[in-house]
Colleague: 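Here it is, the structure in full.
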Amino acid sequence: MRSAEVAIHNGDADSRRALWSTQDPVTVFGAWMTGTTAADAENIFHRLEQRFSDCTSYVYDVVSADAVGDLAYTVGYERISATWNGEPRTYTLRVTQLYRREAGTWKVFHRHGDTVKE
């Protein structure tokens, strides 16, 4: 997961795409963009990879995580330094992700992230 997030913050969403479900329902309640289908998620990933570059730091602090059967979740804080639309930024996101097992592989099907003022 970490390498996929670093990659998208460097302008390459392919690793993130590989981790995400393409089977609805899929939802993204992002800090900057929202979508309610797998097609929306793909569009968001494309838009993000066009705007991000030069990730200098990515840290994911896990607060809670669990898996029961074919469902799992992670809750934590992403601390990121990257360039957005040519402007260097450092920020923290509070993130919850939900996963489901599809054909034996864990796939993300929901992400909610919002900015945290520190």
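None of these values were measured; they are calculated from a predicted model.
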Colleague: Looking only at atom types and distance, does a side-chain atom of Arg16 sit under 3.5 Å from a main-chain N or O of Ala7, one as donor and one as acceptor?
Modeller: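 Side chain of Arg16 to backbone of Ala7, a donor-acceptor pair under 3.5 Å: no, none is there.
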Colleague: Between His46 (side chain only) and Glu42 (backbone N and O only), is there a donor and an acceptor less than 3.5 Å apart?
Modeller: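 Not at all, since once roles are kept as given, no pair shorter than 3.5 Å links the two residues.
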Colleague: Looking at Arg101 and Gly69, would you say the former's side chain and the latter's main chain have a donor-acceptor pair under 3.5 Å?
Modeller: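 Pair found, side chain donor or acceptor close to backbone of Gly69.
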Colleague: Could you pull out the closest heavy-atom pair between Thr74 and Ala65, with the gap in Å?
Modeller: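 Shortest heavy-atom contact: CG2-CB, 4.0 Å.
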Colleague: Holding to salt bridge (Lys or Arg N to Asp or Glu O under 4.0 Å), I want the full list of residues that pass it with Asp12, two or more places apart in sequence or in another chain.
Modeller: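 Asp12: no salt bridge (Lys or Arg N to Asp or Glu O under 4.0 Å) contacts found.
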Colleague: Is there a continuous path of hydrophobic side-chain contacts, each under 4.5 Å between heavy atoms, that joins Val62 to Leu19?
Modeller: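 Looking at the clustering, Leu19 is in the same group as Val62.
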Colleague: Is it the case that one hydrophobic cluster holds both Met33 and Phe29, taking links as side-chain heavy atoms less than 4.5 Å apart, direct or via other members?
Modeller: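 Each belongs to a different hydrophobic cluster.
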Colleague: Is there a path of hydrophobic side-chain contacts, each under 4.5 Å between heavy atoms of I, L, V, M, F, W or Y residues, that connects Trp32 with Phe45?
Modeller: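 Same cluster: Trp32 reaches Phe45 through Ile, Leu, Val, Met, Phe, Trp or Tyr contacts under 4.5 Å.
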Colleague: Do you know the tightest heavy-atom contact between Val116 and Tyr77?
Modeller: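 Nearest pair, atom of Val116 first, then Tyr77: CG2-CE2, 4.1 Å.
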Colleague: Using modelled atom types only, decide if a donor and an acceptor are shared between the side chain of Asp24 and the backbone of Ala38 within a distance under 3.5 Å.
Modeller: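 Yes: the side chain of Asp24 pairs with the backbone of Ala38.
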Colleague: Closest approach of Thr34 and Ile44, non-hydrogen atoms and distance?
Modeller: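 In this case the closest contact between Thr34 and Ile44 is C-CD1, 3.6 Å.
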Colleague: Are Tyr73 and His110 close enough that their ring centres sit under 6.0 Å apart?
Modeller: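 No; His110 has its ring centre 6.0 Å or more from that of Tyr73.
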Colleague: side-chain contact (heavy atoms from CB on, under 4.5 Å) for Val28 and Trp20? Distances and angles first, verdict last.
Modeller: CA-CA 11 Å; Val28 180; Trp20 274 70; 3.8 Å; yes
Colleague: Starting at CD of Glu5, measure out to OH of Tyr60 and round the result to the nearest 0.5 Å.
Modeller: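 If I round to the nearest 0.5 Å, the distance is 9.5 Å.
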Colleague: Do the two ring centres, one from Trp84 and one from Tyr91, sit under 6.0 Å apart?
Modeller: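 That pair fails the under 6.0 Å test.
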Colleague: Can you tell me how far apart OG1 (Thr92) and CZ (Arg79) are? Round to the nearest 0.5 Å.
Modeller: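 Nearest 0.5 Å value for the OG1-CZ distance: 4.5 Å.
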Colleague: Report yes or no: does Thr83 contribute a side-chain atom to a donor-acceptor pair with the main-chain N or O of Gly86 at less than 3.5 Å?
Modeller: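 Not a single qualifying donor-acceptor pair exists.
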Colleague: Mind listing the closest non-hydrogen atom pair of Ile8 and Phe52 along with its distance?
Modeller: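 Smallest interatomic distance, heavy atoms only, reads O-CB, 3.3 Å.
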Colleague: Is the Lys NZ or Arg CZ of Arg100 less than 6.0 Å from the centre of Phe109's six-membered ring, within 45° of the axis?
Modeller: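 Yes; both conditions hold, so Arg100 lies above the ring face of Phe109.
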Colleague: Out of curiosity, Glu78 CD to Met1 CE, how far, rounded to the nearest 0.5 Å?
Modeller: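 Reported to 0.5 Å precision, the distance equals 8.5 Å.
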Colleague: Minimum heavy-atom separation for Asp14 and Glu49, please, with both atom names.
Modeller: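 Nearest heavy atoms, Asp14 then Glu49: N-OE1, 4.5 Å.
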Colleague: Kindly compute the distance separating OG (Ser57) from NE2 (His9), expressed to the nearest 0.5 Å.
Modeller: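 Between atom OG of Ser57 and atom NE2 of His9 there are 10.5 Å.
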Colleague: Nearest heavy-atom pair of Asp114 and Ala31: which atoms, and what distance?
Modeller: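 Where Asp114 meets Ala31 most closely, the heavy atoms are CA-CB, 4.1 Å.
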Colleague: Could you tell me whether the side chain of Lys107 and the main chain of Ala18 form a donor-acceptor pair under 3.5 Å?
Modeller: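 Judged by distance alone, yes, a pair lies under 3.5 Å.
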